[in-house]
There are 2 protein chains.
Amino acid sequence: MVNRKYSSEEKILEAAKEVFHKRGFDGARMQDIADAAGINKALVHYYFRNKENLFLAVFKDAFSKLTSRISIIFTSDKPMETKLEEFFEYHIGFVQKNAYIAWFILNGIYERPDYLKELMFQNKLLPEMILQQIRESLEREGVKNPDPFQFMANILSLSVFPVVARPLLQGLMKINNDDMELFYKSRVKYLPGFVMRAVKNDQLPK
Amino acid sequence: MVNRKYSSEEKILEAAKEVFHKRGFDGARMQDIADAAGINKALVHYYFRNKENLFLAVFKDAFSKLTSRISIIFTSDKPMETKLEEFFEYHIGFVQKNAYIAWFILNGIYERPDYLKELMFQNKLLPEMILQQIRESLEREGVKNPDPFQFMANILSLSVFPVVARPLLQGLMKINNDDMELFYKSRVKYLPGFVMRAVKNDQLPK
DNA sequence: GTCTATATGGCGATAGAC
DNA sequence: GTCTATCGCCATATAGAC
């Protein structure tokens, strides 16, 4: 069913997201994208000229969706545990609904490292500021010599990986789809405390 | 320089690992693999018949390398913190030296979920046993109602993701290569305590 | 077992009618 | 803007000589 409210260009972009998700850059076929969009293959080239351009358009959109909220959450002046609740709530939910975006970014950035800088600039993503905010927030809450970079790596790992590696985890642990959804749900509640306990006692002796 | 000690078949396999790593299944070219092996393209087909077969051979090898040690570590009767030290020491080091393997497995499993079962069988990987061992180990150390599946997901996330997402993390945080190596080194020491603190207080009130 | 040469098909991209 | 038809290339795979 073709939705007539959308222009061809929008339909192509939507279709491209879907196909690049499932197949990656090399696996995606311009023909598949055209089919998914319900239009002709030549039209894809008419609007985007070539495959790389179309990829970058999709990538840019994905990147901004994934990162835009992170700055906002971590530069607020709420307590760290609240920030973590907001982060995991938003981020896991988002990655779950758009697993392809995380894949896409991880994969795409491998081949196009320079493009990342441009996107960070366009998205006004200022890592120094976020890391500094995390440091101050943790110090204010009694953590001595916090390592904001480890902190960031940890929370990204804990939220992104289990979703991205879903087929592997499900296969390894023999979990069905319904239970897997419950698993993600419970993670959202479980992780903020997990992280806070781990960092709060950072400098205490065992 | 061609090492004459290796047969053509071995040379092809080694070359295939390298090329599949860098380019994934769709991006890899049989010609590139032949070139990297220093032999003729037709020989690759002579030994492996087609690309999929060659991929599966490489995948199988990668999977067994990555998982073989995990069972051993977690079914011992050492304290959990010791197990974690062994796990992160081995696993992060391994993934770091062979980042392509982790990629490869994560990517490959998406398209070939059934193949995972066969590999688990061949590698005598028994998740039930490992999860049960983790549960008992944690209970013995005072954790009430531990969730071994969350536990496994967490430690895999914390070890695999930062290595797999290296280009993204480095780009986001503007870290140079040397500092990144130091970052991984310090993680190995840092993570066992991080995880133990987080789970040990699992059921305590804030 | 190892090579050269070639078959075969698919894909990105474009030309050109409407 | 949208389509059909087609070009040109490249990749997997095979045939067949040595």
Side-chain angles (χ1 to χ4, degrees), chain A residues 1-62 100 104 107-108 110-112 115, chain B residues 1-61 100 103-104 107-108 110-112 115:
Chain A
M1 195 186 73
V2 178
N3 192 333
R4 304 245 164 244
K5 282 198 298 185
Y6 294 104
S7 68
S8 289
E9 189 167 356
E10 287 167 326
K11 284 191 280 184
I12 291 168
L13 261 179
E14 283 309 306
K17 285 181 198 172
E18 190 188 318
V19 175
F20 278 128
H21 150 221
K22 287 186 191 149
R23 316 221 57 89
F25 181 80
D26 291 312
R29 300 285 158 246
M30 297 299 267
Q31 184 63 61
D32 296 340
I33 294 171
D35 291 348
I39 51 99
N40 189 275
K41 188 178 61 159
L43 211 49
V44 181
H45 284 90
Y46 173 79
Y47 280 108
F48 292 91
R49 206 174 81 251
N50 59 37
K51 192 178 178 180
E52 179 75 11
N53 267 353
L54 181 53
F55 181 86
L56 291 182
V58 174
F59 189 89
K60 182 176 167 176
D61 185 65
Y100 73 96
F104 202 54
N107 270 302
Y110 250 93
E111 301 294 322
R112 299 163 191 80
Y115 194 56
Chain B
M1 194 187 75
V2 179
N3 191 334
R4 305 244 162 244
K5 283 198 298 186
Y6 294 104
S7 67
S8 289
E9 188 166 357
E10 287 166 325
K11 284 191 281 186
I12 292 169
L13 261 178
E14 281 309 306
K17 284 180 199 173
E18 190 189 318
V19 176
F20 277 128
H21 150 219
K22 287 184 192 151
R23 315 221 59 88
F25 181 79
D26 292 310
R29 300 285 158 248
M30 297 298 266
Q31 184 63 60
D32 297 339
I33 293 171
D35 292 348
I39 51 100
N40 190 276
K41 190 179 58 162
L43 257 200
V44 182
H45 285 89
Y46 173 78
Y47 281 108
F48 292 91
R49 206 173 80 251
N50 59 38
K51 192 179 179 180
E52 179 75 12
N53 267 353
L54 181 53
F55 181 86
L56 291 183
V58 174
F59 189 89
K60 182 177 166 176
D61 186 65
Y100 73 96
W103 259 122
F104 201 55
N107 269 302
Y110 252 92
E111 301 294 322
R112 300 162 190 80
Y115 194 57

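A, B, ... follow the sequence lines: proteins, then strands. Residue 1 opens every chain.
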Indicate yes or no: at least one non-hydrogen side-chain atom of B/Tyr47 is less than 4.5 angstrom from one of B/Leu54. no
Can you tell me how far C1' of D/dA13 sits from CG of B/Leu54, to the nearest Å? 14 Å
A/Lys17 side chain to A/Ala62 backbone, donor-acceptor under 3.5 Å: no
Expected list for residues 32-46 of chain A: side-chain donor-acceptor pairs under 3.5 angstrom, two or more places apart:
{"from": "A/Asp35", "atom 1": "OD1", "to": "A/Gln31", "atom 2": "NE2", "distance (Å)": "2.9"}
{"from": "A/Asn40", "atom 1": "OD1", "to": "A/Ala42", "atom 2": "N", "distance (Å)": "2.8"}

Take nucleotides 3-18 of chain C nucleotide by nucleotide from the 5' end and write B, S or -, depending on whether a protein heavy atom sits under 4.0 Å from the base, only from the sugar-phosphate, or from neither. BB------SBBBB---
Measure NZ/A/Lys11 against P/D/dT2 and give the value in whole Å, please. 8 Å
Has the side chain of B/Lys22 got a donor or acceptor atom that lies under 3.5 Å from a matching backbone atom of B/Gly27? no
With rounding to the nearest 0.5 Å, note down the distance linking CZ in A/Arg29 to CZ in A/Arg23. 8.0 Å
